[in-house]
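Shown next, in structure tokens, is the structure this report addresses.
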Amino acid sequence: RTLRAIECGIGVVPGTADGRKAGSGVSVQRSFERPGVSGDAASTVPRLGVGAFTALAAGYFLSYLFNSTSAVIAHDLRADFGLTPERLGLIGAAHFLFFAAAQIPVGVLIDRYGVGLVQSALLLLAGIGSALFSIADHWLLLLAGRAMVGVGVSGALLSGLKVIVQTVPADRVALASGMLVAMGTLGAVAATAPLAWILEAVGWRGAFAGLAIASLALALCIGCIIAP
């Protein structure tokens, strides 16, 4: 029921005659007009469908999952590569360093080229990085794979929020944003006992190969669902 509520289009704020929020002097409707569109066409704003929201939330879920894997796989990496604590820490830090460094450039790219193109390209990069990590035979390849994944998942939250503020009615933006964050945070939960069970079943290489496939599939899904 909540997802159906989010699907509602943006119109004039209830209780106002011209789309201006009482006492604010700001036209809510105007803030959602498409560039280059005026008149009646400007009020025709695309709605956020369940499929699009689910795809974006899945991207944020993967982002949180990737962000939280370091501690769970640390023992296996030490055993397989004989890593020193310094190198192990560097591999984990590479993910977050590149994740943080990409935030502003990714934001600019999303504003310029749109969520569908940018987020699908980023998830493609994350999938390639995860695949590289899964087949690595040297710690530098582990480092490179984690860095690529860090960049690849850096736009998940930005993409979700961008689409939400463009397609969800103003009085439901906080609700939709909260749902996005809640679904994404489940990725951190999945990186605890569930990931440990997967590691026992298929090993860390198999787990990251699976994450690579999931990232590539989601990249294709978002590229098809999210319109330019």
What's the separation between atom [atom1] in [X] and atom [atom2] in [Y], rounded to the nearest 0.5 Å?
X	Y	atom1	atom2	result
Glu86	Ile91	CD	CD1	12.0 Å
Ile128	Leu124	CD1	CG	4.5 Å
Ile225	Ser120	CD1	OG	11.5 Å
Leu157	Tyr60	CG	OH	4.5 Å
Leu109	Leu122	CG	CG	8.0 Å
Leu143	His138	CG	NE2	10.5 Å

Find out if a path of hydrophobic residues (ILVMFWY) with successive side-chain heavy-atom gaps under 4.5 Å connects [X] to [Y].
X	Y	answer
Ile226	Leu220	no
Ile213	Leu211	no
Val108	Val153	no
Leu186	Leu62	yes

Of all heavy-atom pairs between [X] and [Y], which one has the smallest distance, and what is that distance?
X	Y	answer
Ala136	Leu141	CB-CB, 3.6 Å
Ala102	Val151	CB-CG1, 4.3 Å
Ser159	Ile110	OG-CD1, 3.5 Å
Ser134	Ala209	CB-N, 3.7 Å
Ala190	Pro194	O-CB, 3.5 Å
Asp137	Phe81	C-CE2, 3.6 Å

- Query: Ala188: what forms a side-chain contact (heavy atoms from CB on, under 4.5 Å) with it, not counting sequence neighbours?
  - Reply: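 Applying side-chain contact (heavy atoms from CB on, under 4.5 Å) to Ala188 gives Tyr64, Ser68.
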- Can you list the steps and then say if Phe133 with Leu142 is a side chain to side chain contact (heavy atoms under 4.5 Å, CB included)? CA-CA 5 Å; Phe133 192 88; Leu142 295 175; 3.6 Å; yes
Test item: [X] side-chain N/O and [Y] main-chain N/O as donor-acceptor pair under 3.5 Å:
X	Y	result
Ser130	Phe208	yes
Thr192	Val189	yes
Gln119	Ala219	no
Thr54	Val50	yes

- Query: Take atom CD1 in Ile104; do more than 12 heavy atoms of anything else shown fall under 6.0 Å from it?
  - Reply: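 No - once you tally the heavy atoms of other residues, nucleotides and ligands closer than 6.0 Å, there are 12 at most.
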Less than 4.5 Å apart, side chain to side chain, heavy atoms only: is that true for [X] and [Y]?
X	Y	value
Met183	Phe61	no
Leu123	Leu216	no
Phe53	Met179	yes

Scan [range] for pairs that pass side-chain hydrogen bond (donor to acceptor under 3.5 Å, both in side chains), counting only residues two or more places apart or in two chains.
range	value
residues 142-151	Thr69-Arg146, Ser70-Arg146
residues 174-185	none
residues 198-221	Asp80-Trp204

- Message: For Asp111, give me all partners under salt bridge (charged side-chain N to carboxylate O under 4.0 Å, His left out), at least two apart in sequence or on another chain.
- Response: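 Asp111: salt bridge (charged side-chain N to carboxylate O under 4.0 Å, His left out) contacts with Lys162.
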- Task: Under the side chain to side chain contact (heavy atoms under 4.5 Å, CB included) rule, what do Leu77 and Leu88 come out as? Steps first, then yes or no, please.
- Result: CA-CA 8 Å; Leu77 294 183; Leu88 185 62; 4.1 Å; yes
- Message: Once you measure the plane-to-plane angle for Phe96 and Phe99, does it fall in the parallel (<30°), tilted (30-60°) or perpendicular (>60°) bin?
- Response: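 The rings of Phe96 and Phe99 stand perpendicular, inter-plane angle above 60°.
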- Task: Before giving the answer on side chain to side chain contact (heavy atoms under 4.5 Å, CB included), spell out for Leu56 and Val115 the whole-Å C-alpha distance, their side-chain angles and the decisive distance to 0.1 Å.
- Result: CA-CA 10 Å; Leu56 293 170; Val115 167; 4.0 Å; yes
- Got a sec, which hydrophobics cluster with Ile198, joining ILVMFWY side chains under 4.5 Å apart, including via others?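 When side chains under 4.5 Å apart are linked, the cluster holding Ile198 also contains Val202.
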